[in-house]
Each structure stands twice: as C-alpha cells, then as structure tokens.
> 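This structure is in structure tokens; I'll ask about it shortly.
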Amino acid sequence: MTENFKMEYGEEVPNFWQEETAVGVVEIILILVVLISLVLIFKKQLTALVKGIFSRINSSASEIY
C-alpha cells in the first residue's frame, strides 16, 4: 500500500506539508481574536482608565489656559 501511495502521489505529499501560504493569515486572525476578546473582557476597566486619563488631561489643560 505504501509503494502504491508513493507511486501515485510522488512529490505532492512533501510539497503539501511544506506549503505555508496561509500561515500568516491564520496567525493574524488568531491575534485579532485574542485582542478583541481581551478588550471585551476588560471593557469596564479600560473605559475607566481612559476616562481617568482624559479627565487629568482636561484639568491640566484648564490650568494652562
């Protein structure tokens, strides 16, 4: 059976395992999924942090003007 498989498919099987054209796309999608899930999990904390930063910026800006 192994000999028939080698004769029938020859070089195609090693080439199939070496092909990496879609690896970059999969990695980018996985990174985006992780980042979006982290944002959704920590949404309240991130919102509070950003509001605090902007309130400090506004108070410092009002002291300048």
Side-chain angles (χ1 to χ4, degrees):
M1 179 172 157
T2 325
E3 293 299 322
N4 286 340
F5 185 79
K6 283 183 181 179
M7 288 175 30
E8 189 173 334
Y9 293 103
E11 295 293 321
E12 294 177 24
V13 174
N15 290 338
F16 173 76
W17 290 113
Q18 292 175 356
E19 186 175 328
E20 298 178 2
T21 56
V23 173
V25 175
V26 172
E27 289 172 353
I28 291 173
I29 291 173
L30 287 174
I31 290 170
L32 286 175
V33 166
V34 168
L35 287 175
I36 290 171
S37 61
L38 286 173
V39 167
L40 292 176
I41 291 171
F42 297 109
K43 184 179 177 181
K44 290 181 183 179
Q45 290 89 345
L46 289 171
T47 305
L49 177 67
V50 170
K51 283 183 181 179
I53 290 172
F54 278 118
S55 67
R56 281 190 236 141
I57 290 173
N58 286 335
S59 66
S60 296
S62 64
E63 291 174 7
I64 294 173
Y65 293 110

> Treating S59 as the side-chain partner and R56 as the backbone partner, does any N or O pair qualify as donor plus acceptor under 3.5 Å?
yes
> Please output the side-chain donor-acceptor pairs of residues 34-44 that fall under 3.5 Å, not counting sequence neighbours, one pair per line with the distance.
{"unit_1": "S37", "atom_1": "OG", "unit_2": "V33", "atom_2": "O", "d": "3.1"}
{"unit_1": "S37", "atom_1": "OG", "unit_2": "V34", "atom_2": "O", "d": "2.8"}

> Do I29 and L32 share a hydrophobic cluster, counting only Ile, Leu, Val, Met, Phe, Trp and Tyr and linking them when any side-chain heavy atoms are less than 4.5 Å apart?
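I29 and L32: separate clusters.
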